[in-house]
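All remarks here apply to the structure that follows.
The structure displayed is predicted, hence computed values, not measured ones.
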Amino acid sequence: MELIYQSTRNAEETATASQAILKGLAKEGGLFVPKEIPALDVDFETLSKMTYQETAYVVMQKFLTDFTEEELKKCIDAAYDEKFDTKEIAPLKNINGAYYLELFHGATIAFKDMALSILPHLLITSARKNHVQNEIVILTATSGDTGKAALSGFADVEGTKIIVFYPKHGVSCIQEKQMVTQKGKNTFVVGINGNFDQAQTGVKQMFSDEKLAELMENAGYQFSSANSINIGRLVPQIVYYVYAYAKLYANGEIAHGEKINVVVPTGNFGNILAAFYAKQMGLPIGKLICASNENKVLYDFLSSGIYDKNREFVVTSSPSMDILISSNLERLIYRLAGNDASKNSDFMKALSACGRYEITPEMKVQMSGFYGNYASEDETAEMIRSVYQKTGYVMDPHTAVAAEVYEKYKSETNDTEVKAVIASTASPFKFTRSVMDAIDREAYGSMTDFELVDELSRISGTKTPQAIEDIRYAEALHNAVCEPEEMESVVKKILKIEQDK
């Protein structure tokens, strides 16, 4: 039975899975959501014996129903291959009483690889299925990790170009070097003198600009997205929560049907939304623990029911979470509003016009499955330091935010019996300066970034990831910088399409 997707802002706009992947974003700025969440109908005994690739097929074929078995398996096999440095793809490690789901073993050492390794294959397959003749332009804003993972996935993929905008002074040194050294004739990287929210807003405006779409069409192009606003990014993220549960069961860590809690450091709400969808499919998840950094707009929302982006933007050591407009939250709001596109659209219009909205008490009650909290910069650093000193395990700042919030959750609720899976979203090697400062600023403060890489490798007993070695001496190939309001003209220049008169 085919699963149909519809826009969160217009009930009349529907699409098949492949059409939704191709479009990336619905009209009027809406996001595509499945009309219903399919049930996970494979028992845990069977799942516990499956590889990551087999688990991916079980989950994704439920959502991507217009893909044939051959098409989907081909995409999965091409994505989850030797570019990951472990056959498990997403290993679990028991550290300090919690299970860390390491999602950073791909080519760019961050969790975005888990979905962006497969997206180019899904997109090209979707284009063929829908007889698309245009060249597809992947237009993406990044807070640090999506950019490199998307660039890596789409580099030199025939029939595509990829343009990535990132906050010039809002990512780590390693993150920036990963992006600006990216090879590929179809890759373009542009820093903006602004923050991620401004980059994301600029990208969304271009997606919904009908005049620009006409210019693009006349020039033989069409936009799609690699952000988690694209359902083709979100669906693959559901897989690793199912896989983690199955592995816990296979290892005898949990009984059949036993609930687990899931802790996710989040800024754009995509990763935790994937866990929410896994729960809706029937995965036994208790609490969805939403961890924020000092940009705690999601914590405040979960506490009050009021979403308010009118606040100071804080640059932190966990830049992928430095976000005040959490795009994927819209998918949850739509569901809480009873799948009412008109009602959801009113909330989003209020956010656009006033920077805030307030959900109804009835909607707030439906969020009882979520717990939110945040970690300060000092708490984040202390978590990195204390876990390293106790166990020798080194985590990145985003993972540390999640670990700190999990400790707060246990303290507030006394829920210490339910086992927890913490999404470990990036390698510490991606944030060496912040990590090593946290461990011992006096000892490491004078070192260069790559001296810190070598020292981190030594103290952790971990081999430096190939992704870091690849950029150690690499030349910067992308040096463009623009103002947020110049983003559209930059895109037109890259694509060599007619400028406005």
Side-chain angles (χ1 to χ4, degrees), residues 8-9 29-31 33 143 195-198 200-201 204 227-229 234 261-277 279-280 285-314 316 318-341 343-376 379-380 398 401-402 404-406 408-409 412-413 423 425:
T8 54
R9 300 189 193 183
L31 307 185
V33 290
S143 54
N195 59 43
F196 169 74
D197 287 330
Q198 290 171 298
Q200 181 169 249
T201 297
K204 284 186 170 182
N227 287 85
S228 53
I229 54 176
L234 193 59
N261 292 328
V262 172
V263 190
V264 187
T266 190
N268 219 17
F269 208 75
N271 205 357
I272 197 165
L273 183 73
F276 173 76
Y277 279 0
K279 182 176 180 178
Q280 297 301 305
I285 293 175
K287 281 288 183 183
L288 292 159
I289 299 170
C290 179
S292 300
N293 64 16
E294 288 184 6
N295 291 291
K296 56 187 182 69
V297 65
L298 286 169
Y299 163 58
D300 290 341
F301 170 70
L302 290 171
S303 303
S304 67
I306 299 171
Y307 194 96
D308 190 348
K309 75 175 185 69
N310 300 311
R311 62 185 69 202
E312 182 186 357
F313 182 93
V314 184
T316 75
S318 47
S320 297
M321 300 160 66
D322 289 349
I323 295 171
L324 296 181
I325 304 174
S326 301
S327 287
N328 267 292
L329 183 63
E330 179 171 346
R331 286 184 164 114
L332 179 66
I333 297 299
Y334 172 80
R335 187 174 180 85
L336 299 179
N339 297 339
D340 186 329
K343 195 172 179 181
N344 174 73
S345 185
D346 287 342
F347 288 125
M348 297 307 121
K349 285 175 183 174
L351 180 64
S352 178
C354 309
R356 75 189 299 277
Y357 61 82
E358 182 173 1
I359 63 173
T360 66
E362 293 78 17
M363 291 170 70
K364 190 179 177 188
V365 168
Q366 295 180 61
M367 296 197 302
S368 60
F370 287 88
Y371 167 89
N373 216 316
Y374 78 102
S376 70
E379 289 170 334
T380 301
H398 303 76
V401 167
E404 173 64 21
V405 167
Y406 178 53
K408 291 182 177 180
Y409 169 77
E412 286 183 19
T413 65
T425 53

Under 3.5 Å: donor-acceptor pair, side chain of K287, backbone of V262: no
Interatomic distance, N344 atom CG to R9 atom CZ [nearest 0.5 angstrom]: 7.0 Å
Shortest non-hydrogen contact between A291 and A402, atoms and distance: CB-CA, 3.7 Å
Pair N293, T316: side-chain N/O donor-acceptor within cut-off below 3.5 Å: yes
Donor-acceptor under 3.5 Å (S304 side chain, D300 main chain): yes
Donor-acceptor contact below 3.5 Å, side chain E294 vs main chain V314: no
Flag, side chain of K408 to backbone of A375, donor-acceptor distance under 3.5 Å: no
Side-chain touch L329/F301, heavy atoms, less than 4.5 angstrom: yes
Distance (rounded to the nearest 0.5 Å) between F269 CZ and L273 CG: 6.0 Å
Check: N310 main-chain N/O paired with D308 side-chain donor or acceptor under 3.5 Å: yes
Candidate pair T266 and M321, rule side chain to side chain contact (heavy atoms under 4.5 Å, CB included), full reasoning: CA-CA 6 Å; T266 190; M321 300 160 66; 5.9 Å; no
Shortest non-hydrogen separation from Y406 to V263 and the atoms involved: CD1-CG2, 3.8 Å
Sidechain-backbone polar pair: S143 side chain, F196 backbone, donor-acceptor under 3.5 Å: no
Heavy-atom pair of closest approach, residues M367 and L302: SD-CD2, 3.9 Å
Rounded distance [0.5 Å steps], OG1 in T8 versus CG in L31: 4.5 Å
Close side-chain approach of F370 and I272, heavy atoms under 4.5 Å: yes
Reported CG-to-SG distance for the pair N271 and C290, which is rounded to 0.5 angstrom: 10.5 Å
Side chain to side chain contact (heavy atoms under 4.5 Å, CB included) between S320 and T425, intermediate numbers included: CA-CA 10 Å; S320 297; T425 53; over 6 Å; no
Pair K204, S327: side-chain N/O donor-acceptor within cut-off below 3.5 Å: yes
Minimum heavy-atom distance S228-G270, with the two atoms named: OG-CA, 4.2 Å
Distance in Å, S303 OG paired with Y371 OH, rounded so as to fall on 0.5 Å steps: 8.5 Å
Those residues that, when tested against F313, pass side-chain contact (heavy atoms from CB on, under 4.5 Å) (two or more places apart): N195, D197, N295, V315, D322, L324
For Y334, ring pair (Phe, Tyr, Trp, His ring centres under 6.0 Å) partners two or more places apart: none
Within 45° cone of Y374 ring axis and under 6.0 Å: K296 NZ or CZ: yes
Polar side chain donor-acceptor pair, R335 to Q366, under 3.5 angstrom: no
L332 and F276, any side-chain heavy atoms less than 4.5 Å apart: yes
E412, CD atom: more than 12 neighbouring heavy atoms under 6.0 Å: yes
Side-chain heavy atoms of N261 within contact of I285, under 4.5 Å: no
Within-4.5 Å side-chain heavy-atom neighbours: E404 and N373: no
Where K279 and L288 come nearest, the two heavy atoms and their spacing: CD-CD1, 4.3 Å
E379 side chain to S376 backbone, donor-acceptor under 3.5 Å: yes
Distance-only check: which donor-acceptor pairs under 3.5 Å involve side-chain atoms of residues 347-363, not counting sequence neighbours?
residue: T360; atom: OG1; partner: E362; partner atom: OE1; Å: 3.4
residue: T360; atom: OG1; partner: M363; partner atom: N; Å: 3.1

Straight-line distance of L298 CG to S292 OG, nearest 0.5 Å: 5.0 Å
